[in-house]
2 protein chains.
Amino acid sequence: MPQGLDEIDVRILKALQEDCSISTAELADRVGLSQSPCWRRIQRLREDGFIRAQVALLDAEKLGYSLHVFAQLKTSYLADSDREKFIRSVASIPEVVECYSVLGERDVLIKVIAPDIKWYQEFIFNTILKLPGVEDISSIVALSEMKHTTALPVRVTKE
Amino acid sequence: MPQGLDEIDVRILKALQEDCSISTAELADRVGLSQSPCWRRIQRLREDGFIRAQVALLDAEKLGYSLHVFAQLKTSYLADSDREKFIRSVASIPEVVECYSVLGERDVLIKVIAPDIKWYQEFIFNTILKLPGVEDISSIVALSEMKHTTALPVRVTKE
DNA sequence: CCTGAAAACGGGATTCC
DNA sequence: GGAATCCCGTTTTCAGG
């Protein structure tokens with residue numbers, strides 16, 4: 001069973017959310033601990049599921065993706081199986097990086113990264129509107145990114 | 001000056017976007033290379049800026065954040081200095097994980113993670129609407145997350 | 001049971017081919 | 001790009017609080 005987080009756990013998680021390539025020794029004295037207990041805490045945080053993965057973050061611009069677009073879709077799903085199919089389809093499109101079910105007239109929100117507006121326009125017609133059940137789409141184009149972090153707030157929750 | 005990516009670079013980046021905790025040796029034979037050239041490529045990809053960071057991804061649910069909300073703000077910025085101030089303010093709020101400048105009546109889009117709807121409601125009134133220049137807000141609440149990846153598509157761009 | 005020191009082992013970083 | 005080397009960091013073990 002998973003427990004709460006004490007102050008040191010919080011410091012460890014905050015540090016690893018910024019940079020997980022640092023050594024255990026480095027991390028240890030940043031959080032005020034020695035190597036082994038620090039290492040054991042990291043293991044525990046992983047086992048308990050607080051740490052989901054360690055990944056490399058790439059630079060979207062350098063990869064040629066300068067556009068972030070949020071698109072709201074209107075879908076028509078009566079059966080759960082159709083919905084499942086839609087989710088699988090959407091999940092398999094690498095340019096769709098996020099997908100949420102939302103309240104309102106348009107019931108799905110996706111975030112798409114695109115090389116440029118022309119590519120996006122074709123993407124809507126050739127890919128999104130061809131997904132089964134998608135009836136309508138409305139896009140919000142981001143001109144510039146003012147903040148984008150993968151770091152979540154972490155607070156002490158220790159019993 | 002930064003170059004393009006060949007097929008092996010692409011395989012390395014794809015692998016590291018999934019899991020950067022694997023050893024160089026492991027990665028090396030996954031991409032069909034031996035240790036040292038593989039290590040050298042990783043260094044180069046970092047230096048060239050393709051790899052921005054290596055971070056731990058935490059589980060939002062386990063940290064008590066079960067709600068993802070997208071909010072569109074209407075702001076009134078005449079001077080660039082006001083805009084700068086707004087960006088700094090918004091960037092300092094940990095629950096605001098993304099912030100974009102967008103086209104349209106409402107000119108800013110933020111993504112907020114929240115513990116629950118009650119918290120979010122208070123957050124709007126106590127924090128967002130108190131930011132200087134924010135005049136109006138419209139929220140899209142995500143009920144469930146169908147996809148959420150930090151992995152970007154990577155393609156061969158070698159000369 | 002959790003912490004810290006120290007030893008054993010494996011992987012990262014370097015050199016040479 | 002590959003092989004062999006060196007050395008540091010991860011991981012394990014053990015003693016103490």
Side-chain angles (χ1 to χ4, degrees), chain A residues 1-59 62-63 150-151 154-159, chain B residues 1-59 62-64 150-152 154-159:
Chain A
M1 69 296 109
Q3 307 94 314
L5 305 169
D6 68 13
E7 218 174 292
I8 294 178
D9 290 328
V10 168
R11 278 187 231 148
I12 290 174
L13 291 175
K14 279 186 178 165
L16 292 178
Q17 281 194 115
E18 299 296 326
D19 184 1
C20 70
S21 70
I22 60 172
S23 70
T24 318
E26 166 74 16
L27 179 61
D29 68 43
R30 232 185 263 182
V31 305
L33 222 60
S34 67
Q35 275 199 31
S36 30
C38 180
W39 181 84
R40 271 192 297 262
R41 275 169 185 264
I42 298 172
Q43 299 305 314
R44 207 206 66 218
L45 291 167
R46 235 200 295 271
E47 279 159 26
D48 288 353
F50 288 102
I51 298 173
R52 263 180 34 224
Q54 300 183 69
V55 303
L57 300 179
L58 307 189
D59 188 300
K62 294 218 64 142
L63 295 175
T150 55
V154 192
R155 270 166 309 158
V156 176
T157 56
K158 195 74 172 197
E159 62 272 9
Chain B
M1 71 295 120
Q3 305 94 316
L5 304 169
D6 68 13
E7 217 174 295
I8 294 178
D9 290 328
V10 169
R11 278 188 231 146
I12 291 174
L13 290 176
K14 279 185 178 165
L16 291 179
Q17 282 194 114
E18 299 296 326
D19 184 1
C20 69
S21 70
I22 59 173
S23 71
T24 318
E26 166 74 17
L27 179 60
D29 69 44
R30 233 186 262 181
V31 304
L33 222 60
S34 67
Q35 273 198 37
S36 28
C38 181
W39 182 84
R40 275 191 295 258
R41 276 171 183 263
I42 298 172
Q43 299 304 315
R44 209 206 66 221
L45 292 167
R46 235 199 294 270
E47 279 159 26
D48 289 354
F50 288 101
I51 299 174
R52 264 180 32 225
Q54 300 184 68
V55 302
L57 301 179
L58 307 189
D59 187 301
K62 293 218 64 141
L63 295 175
T150 56
L152 307 175
V154 191
R155 270 166 309 161
V156 176
T157 55
K158 193 74 172 196
E159 62 272 14

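Below, chain A is the first sequence line, B the second, and so on; all start at residue 1.
Here B:D59 pairs with nothing under the side chain to side chain donor-acceptor pair (under 3.5 Å) rule; sequence neighbours left out. Not counting sequence neighbours, the partners of B:R11 by the salt bridge (charged side-chain N to carboxylate O under 4.0 Å, His left out) test are B:E7. A:D19 is linked by a side chain to side chain donor-acceptor pair (under 3.5 Å) to A:S21, counting only residues two or more places apart in sequence or in another chain. B:R155 pairs by the side chain to side chain donor-acceptor pair (under 3.5 Å) definition with A:Y65, not counting sequence neighbours. Partners of B:A15 under the side chain to side chain contact (heavy atoms under 4.5 Å, CB included) rule, at least two apart in sequence or in another chain, are B:L27. With sequence neighbours left out, the side chain to side chain donor-acceptor pair (under 3.5 Å) criterion links A:D29 to no other residue.
Residue A:R44 is classed as having no contact, given no heavy-atom separation below 4.0 Å to the nucleic acid.
Tested against B:D48, the residues B:R46, B:R44, B:R52 include a single salt bridge (charged side-chain N to carboxylate O under 4.0 Å, His left out) partner, B:R44.
Think of the region where chain A sits on DNA chain D: with heavy atoms and a 4.0 Å cut, that region ends 5' and 3' at D:dG9 to D:dT12.
Stem analysis of DNA chain D (Watson-Crick or G-U pairs, both distances under 3.5 Å, runs of at least three) returns C:1-7 with D:11-17, C:9-17 with D:1-9.
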Under 3.5 Å, which donor-acceptor pairs link side chains of residues 30-39 of chain B to any protein atom two or more places apart or in another chain?
unit_1, atom_1, unit_2, atom_2, d
B:R30, NE, B:E26, OE2, 3.3
B:R30, NH2, B:E26, OE2, 2.8

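The nearest pair of heavy atoms linking B:K158 to B:G4 is CD-O, 4.0 Å. Residue B:V10 comes nearest to B:V154 through the heavy atom pair CG1-O, 3.6 Å, listed as atom of the first residue, atom of the second, then distance.
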Give every pair of a protein N or O atom and an N or O atom of nucleotides 11-15 of chain C that lie under 3.5 Å apart, one pair per line with the distance.
unit_1, atom_1, unit_2, atom_2, d
C:dG12, OP1, B:T24, N, 3.2
C:dG12, OP1, B:T24, OG1, 3.4
C:dG12, OP2, B:T24, N, 2.8
C:dG12, OP2, B:T24, OG1, 2.8
C:dA13, OP2, B:W39, NE1, 2.6

